[in-house]
Amino acid sequence: MSNNVKDMSLAPEGIKKIEWVQKHMPVLEHIKKEFQETKPFEGVTIASCLHLEPKTINLGLTLQEGGAEVAMTGCNPLSTQDDATAAGASLGLNMYGWRGETNEEYYENLNKVLDHEPDIIIDDGADMIFLVHKERRDLMDKIIGACEETTTGIHRLKAMHADKALEFPVMAVNDSYMKYLFDNRYGTGQSTFDSIMGSTNVLIAGKTLVVCGYGWCGRGVAMRAAGLGANVIVTEIDPIRALEARMDGYRVMKIREAVKEADMIITVTGNIDVVSGDDFKYMKDGCIMANSGHFNVEINKQDLQKISKTTKLLKPDIEEFTTEDGRKLYLLADGRLVNLAGERGQGHPAEIMDMSFAMQSLSAKYLLENKLDVGVYKTLDETDIDVAKLKLNAMKIDIDSLTERQVAYLKNWDEGT
Ligand SMILES: NC(=O)c1ccc[n+]([C@@H]2O[C@H](COP(=O)([O-])OP(=O)(O)OC[C@H]3O[C@@H](n4cnc5c(N)ncnc54)[C@H](O)[C@@H]3O)[C@@H](O)[C@H]2O)c1
Ligand SMILES: O=c1[nH]cnc2c1ncn2[C@@H]1O[C@H](CO)[C@@H](O)[C@H]1O
Ligand SMILES: N[C@@H](CCS)C(=O)O
């Protein structure tokens with residue numbers, strides 16, 4: 001075993017946090033027990049590039065119980081929790097990474113994980129998959145495939161496959177119902193505010209809050225903002241989603257109009273330059289901006305800097321920009337996904353990552369047991385249903401099942417009024 005973490009003396013603290021989240025991850029605990037007995041990953045090395053915090057370490061431990069040699073690094077230089085990595089290392093996982101890595105250190109750690117010569121990769125954002133294709137081609141023959149955690153990672157992998165550049169199969173874990181319906185919506189909805197409120201200590205009620213993007217994450221963020229008493233405005237580029245937002249009760253307008261009213265702006269699009277250029281010129285004094293989508297490009301910080309005469313770090317994750325005309329604008333967590341990179345960002349709740357990581361561990365097993373051709377694959381509906389049943393069971397919720405008469409009725413095509 002090898003590792004490179006910040007401080008091993010933090011391990012006991014990290015272990016307590018892991019034990020706490022385990023109590024709230026019953027599906028993953030169930031799968032862990034099954035893996036203990038069946039050892040599906042005996043002799044297999046699994047590399048992961050995921051946000052490193054207690055729930056992710058619990059995924060690592062689940063794969064380890066299944067017999068895997070596990071090597072883990074972070075998928076964002078700011079989201080690692082150093083007590084969790086120390087705990088992971090003390091529990092036999094090969095851990096690399098610390099909070100606040102430089103870009104160079106980030107890629108060094110990805111390479112150290114790849115030095116373990118993985119059979120399977122679990123990625124978030126596809127950085128590790130790209131690295132293998134570009135610089136670690138020596139590993140290509142051994143890799144069976146990968147699992148991708150997030151929306152933007154999957155968009156990119158599909159684009160790569162369309163260009164015939166992808167060289168191994170990838171399970172699109174994000175696209176399973178048990179992932180995006182819950183993680184992207186309820187997870188991002190809650191964890192975004194958990195982090196913003198923890199870091200800024202400002203009131204949401206009564207604020208005009210602009211949500212950019214009304215996809216799965218945007219729906220969750222808008223829903224929770226409204227629940228906290230905000231006056232929500234949505235911006236979109238997709239006419240159907242814009243209409244949906246309107247009928248869900250929100251105002252919808254162009255970003256240039258929305259910024260004029262915003263007390264707070266949250267981007268969740270996966271796109272670049274969503275808030276950019278002259279948008280900053282129209283913002284009100286005191287506007288707070290955060291990104292909970294992909295990478296630090298949704299809010300264009302360079303454009304913000306161009307119209308600012310001074311910038312000041314008020315807290316590690318609150319940057320103040322004073323514009324030429326004296327307004328103060330605030331950017332949280334350097335524009336990186338605020339729910340994890342924020343000082344108080346703990347990521348999604350344990351009950352949510354329970355389902356996402358259940359899908360990850362079962363997808364890794366599926367990759368191993370099925371020799372797939374190169375491509376980007378949706379997970380099986382049966383896996384979604386199995387995970388949903390396990391979750392309902394853990395929540396002690398019983399649901400009905402079809403009677404024979406109902407089955408026959410639903411199959412019937414010749415019975416009218
Ligand atoms: N913070 C987290 O923990 C977390 C969780 C899940 C996903 N994500 C990331 O969040 C992003 C959104 O994920 P999703 O699942 O909601 O994706 P999605 O595709 O369902 O939604 C994105 C929405 O943004 C809209 N959009 C694109 N460009 C826009 C623009 N310029 N202005 C306004 N709207 C625009 C699209 O039309 C779409 O409706 C992705 O990058 C994803 O990887 C983050
Ligand atoms: O607490 C967490 N631990 C690990 N991963 C997380 C957590 N919260 C959200 N995500 C994952 O981060 C991806 C975007 O990078 C999302 O798809 C989500 O699944
Ligand atoms: N690994 C990427 C994914 C964002 S959705 C990041 O943390 O920026």
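All ligand and atom numbering here is 1-based and tracks the order in the structure.
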Looking at atom 37 (O) of ligand 1, what's its closest protein heavy atom, distance included? E236 OE1, 2.8 Å
Straight-line distance of T62 OG1 to L28 CG, nearest 0.5 Å: 3.5 Å
Derivation of the side chain to side chain contact (heavy atoms under 4.5 Å, CB included) call for S90 and M8: CA-CA 8 Å; S90 76; M8 280 306 288; 4.0 Å; yes
Would you call I233 and M253 a side-chain contact if the rule is heavy atoms closer than 4.5 Å? yes
Answer yes if the side chains of S356 and D183 hold a donor-acceptor pair under 3.5 Å, and no otherwise. yes
Test ring-ring contact (aromatic ring centres under 6.0 Å, His included) on Y186 and H348; report intermediate values, then the result. CA-CA 8 Å; Y186 302 107; H348 293 351; over 10 Å; no
Determine the interplanar angle of the F41 and F35 rings, folded into 0 to 90°, and report it as parallel if under 30°, tilted if 30 to 60°, perpendicular if over 60°. perpendicular
Q81 versus R99: any side-chain heavy-atom pair under 4.5 Å? yes
Name the option, out of D273, D238, I237, that contains the heavy atom nearest to atom 30 (C) of ligand 1. I237
Counting from 1, what ligand 1 atoms have a heavy atom of G215 closer than 4.0 Å? 16 (O), 18 (P), 20 (O), 21 (O), 23 (C), 39 (O)
Please identify each residue that fulfils side chain to side chain donor-acceptor pair (under 3.5 Å) with E261, with sequence neighbours left out. R251
Near ligand 3, which residues have a heavy atom under 4.0 Å away from one of its atoms? H51, C75, N76, D124, T150, G293, H294, F295, L337
Where at least one partner belongs to residues 328-350, residue pairs that pass salt bridge (Lys or Arg N to Asp or Glu O under 4.0 Å), sequence neighbours excluded: K301-D334
Any idea which part of T151 is under 4.0 Å from ligand 1, heavy-atom wise: side chain, backbone, both or neither? both
Backbone of F321 reached by a side-chain donor or acceptor of E319 within 3.5 Å: no
Atoms of ligand 1, numbered as shown, that sit under 4.0 Å from any heavy atom of N184: 6 (C), 7 (C), 15 (O)
Numbering as shown, the atoms of ligand 1 that approach L337 to under 4.0 Å (heavy-atom distance): 1 (N), 2 (C)
Do NZ/NE/NH1/NH2 and the carboxylate oxygens of D303 and K306 come within less than 4.0 Å? yes
So for R241 against ligand 1, with non-hydrogen atoms under 4.0 Å, the contacting part is side chain
Which ligand 1 atoms are under 4.0 Å away from a heavy-atom of T235? 33 (C), 34 (N)
To the nearest 0.1 Å, how far is atom 22 (C) of ligand 1 from its closest protein heavy atom, and which atom is that? T269 O, 3.6 Å
K179 vs N184, test: side-chain hydrogen bond (donor to acceptor under 3.5 Å, both in side chains). Steps then yes/no. CA-CA 7 Å; K179 204 284 186 177; N184 300 28; 2.8 Å; yes
Tell me the protein heavy atom at minimum distance from atom 43 (O) of ligand 1, and give that distance in Å. T150 OG1, 2.8 Å
I need the nearest protein heavy-atom contact for atom 28 (N) of ligand 1: residue, atom name and distance, please. N271 ND2, 3.1 Å
Who's the nearest protein heavy-atom neighbour of atom 1 (N) of ligand 1, and how far? S292 O, 2.9 Å
Within the distance-only criterion (no hydrogens, no angle test), does the side chain of N4 pair as donor or acceptor with the backbone N or O of N109 below 3.5 angstrom? no
Locate the shortest heavy-atom distance separating C217 from V268; write the atom from each residue and the value. CB-CG1, 3.8 Å
So which heavy atom in the protein is nearest atom 3 (O) of ligand 1, and how far is it from that ligand atom? N339 ND2, 2.8 Å
So I266 and L209, do their side chains get closer than 4.5 Å, heavy atoms only? yes
Closest approach of any protein heavy atom to atom 6 (C) of ligand 1, naming residue and atom: C217 SG, 3.4 Å
Pairwise side-chain contact, H51 with D124, heavy-atom cut-off 4.5 Å (strictly under): yes
Does K112 count as lying over the ring of Y96, i.e. NZ or CZ under 6.0 Å from the six-ring centre, within 45 degrees of the axis? no
Mutual orientation of the aromatic rings belonging to H133 and F168 [parallel < 30°, tilted 30-60°, perpendicular > 60°]: tilted
Hey, which atoms in ligand 1 end up nearer than 4.0 Å to a heavy atom of G293? 9 (C), 10 (O), 11 (C), 41 (O), 44 (C)
Looking only at heavy atoms, is any part of T152 under 4.0 Å from ligand 1, and if so is it the side chain, the backbone, or both, or is it neither? both
Which atoms from ligand 1 have a heavy atom of G270 less than 4.0 Å away? 11 (C), 40 (C), 41 (O)
In chain-and-number order, ligand 2 lies under 4.0 Å from a heavy atom of each of H51, E53, K55, T56, D124, E149, T150, K179, D183, L337, L340, Q346, G347, H348, M353, F357
So, 4.0 Å and heavy atoms of R219: is ligand 1 close enough to count as a contact? no
Taking the side chain from E236 and the backbone from D238, do they hold a donor-acceptor pair closer than 3.5 Å? yes
Looking only at protein heavy atoms, identify the closest one to atom 12 (C) of ligand 1 and say how far it is in Å. V268 O, 3.5 Å
